[in-house]
Amino acid sequence: VCQLTPAHPRLEVQHFVESFKNTSLDSKAVMLQGLSVLELSLIVAMRHTLYVHDSDAVNFQMVYSEYQTFLLSKDHNIQQFQKSVAFKAFEHLQELELILASDSASSSSSMKQYKNMSLLLEDSQIREALARYTGCPVEIKRWAENSFT
């Protein structure tokens, strides 16, 4: 309606299509587009680990191990981060509510890395975010696709 002018006094189909796209955006998929490559890599590593272990929850140590395995298995230009940096990124994913603690285990700092976490994203949301993420390395997109099979 705000696009109506004396020169264009009628709504057209394109206005409705554009309006629908704007109102039907998946907020989590949009949020994923704002993540760093490390955070996105950790999500893919978590998804892959959940698939491999046929589980609903995994801990940071398992996810970081999968991330390390990926980095060491291929010849690519993806920056490798220290465990402490990756853990901060993992905690940021929890703050964004993309992952969630799946039990009420102790929250002491020595146990945080072993707390079971669940991924609160559907495969379709991850796929959509990877497709729209302009700076996402191709290797991560391929790794993610292998995680969905």
Legend entry - Donor-acceptor pair between Gln80 and Gln68 side chains, under 3.5 angstrom: yes
Inset, instruction - Indicate the atoms forming the closest heavy-atom contact of Lys115 with Ala101, along with that distance. - result: CD-CB, 3.7 Å
Legend entry - Heavy-atom closest pair, residues Leu121 and Gln125: CA-OE1, 3.3 Å
Inset, instruction - Report yes if the side chains of Leu96 and Met31 come closer than 4.5 Å at any heavy-atom pair, otherwise no. - result: yes
Inset, instruction - Evaluate the side-chain proximity of Val63 to Ile43: yes if any heavy-atom separation is below 4.5 Å, no if none is. - result: no
Inset, instruction - With rounding to the nearest 0.5 Å, note down the distance linking CZ in Arg142 to CZ in Phe70. - result: 10.0 Å
Inset, instruction - Could you tell me whether Glu128 and Arg132 have a side-chain N and a carboxylate O separated by less than 4.0 Å? - result: yes
Inset, instruction - Sort out for me which residue in Leu38, Leu40, Val44 forms a side-chain contact (heavy atoms from CB on, under 4.5 Å) with Leu42. - result: Leu38
Legend entry - From His48 atom NE2 to Thr69 atom OG1, the distance as rounded to the nearest 0.5 Å: 8.5 Å
Legend entry - Test item: Leu119 and Asp56 side chains (from C-beta on) under 4.5 Å apart, heavy atoms: no
Inset, instruction - Name the orientation class of the two ring planes belonging to Phe90 and Phe87 (parallel below 30°, tilted from 30 to 60°, perpendicular beyond 60°). - result: parallel
Inset, instruction - Using a 4.5 Å cut-off on heavy atoms from C-beta on, say whether the side chain of Met117 contacts that of Asn59. - result: no
Inset, instruction - Output the distance between atom OG (Ser84) and atom CD (Gln113), rounded to the nearest 0.5 Å. - result: 9.0 Å
Legend entry - Distance (rounded to the nearest 0.5 Å) between Gln33 CD and Leu130 CG: 10.0 Å
Inset, instruction - Give a yes or no on whether Leu120 and Met62 share a hydrophobic cluster (residues Ile, Leu, Val, Met, Phe, Trp, Tyr; joining criterion: side-chain heavy atoms under 4.5 Å apart). - result: no
Inset, instruction - Indicate yes or no for a side-chain donor-acceptor contact from Ser102 to the backbone of Asn116 under 3.5 Å, with no hydrogens or angles considered. - result: yes
Legend entry - Arg127 and Glu122 ion-paired at < 4.0 Å: no
Inset, instruction - Enter the distance from Lys83:NZ to Gln61:CD here, rounded to the nearest 0.5 Å. - result: 3.5 Å
Inset, instruction - Please check if Leu100 and Leu32 belong to a single hydrophobic cluster, counting links between Ile, Leu, Val, Met, Phe, Trp and Tyr side chain heavy atoms closer than 4.5 Å. - result: no
Inset, instruction - Indicate yes or no for a side-chain donor-acceptor contact from Ser55 to the backbone of Leu50 under 3.5 Å, with no hydrogens or angles considered. - result: no
Legend entry - For the student: nearest non-hydrogen atoms of Tyr133 and Leu35, plus distance: OH-O, 2.6 Å
Inset, instruction - Considering non-hydrogen atoms only, spot the tightest contact between Trp143 and Ala45 and give its length. - result: CH2-CB, 3.4 Å
Inset, instruction - Measure from the side-chain N and O atoms of Tyr67 to the backbone N and O of Met46, and report whether any donor-acceptor pair falls under 3.5 Å. - result: no
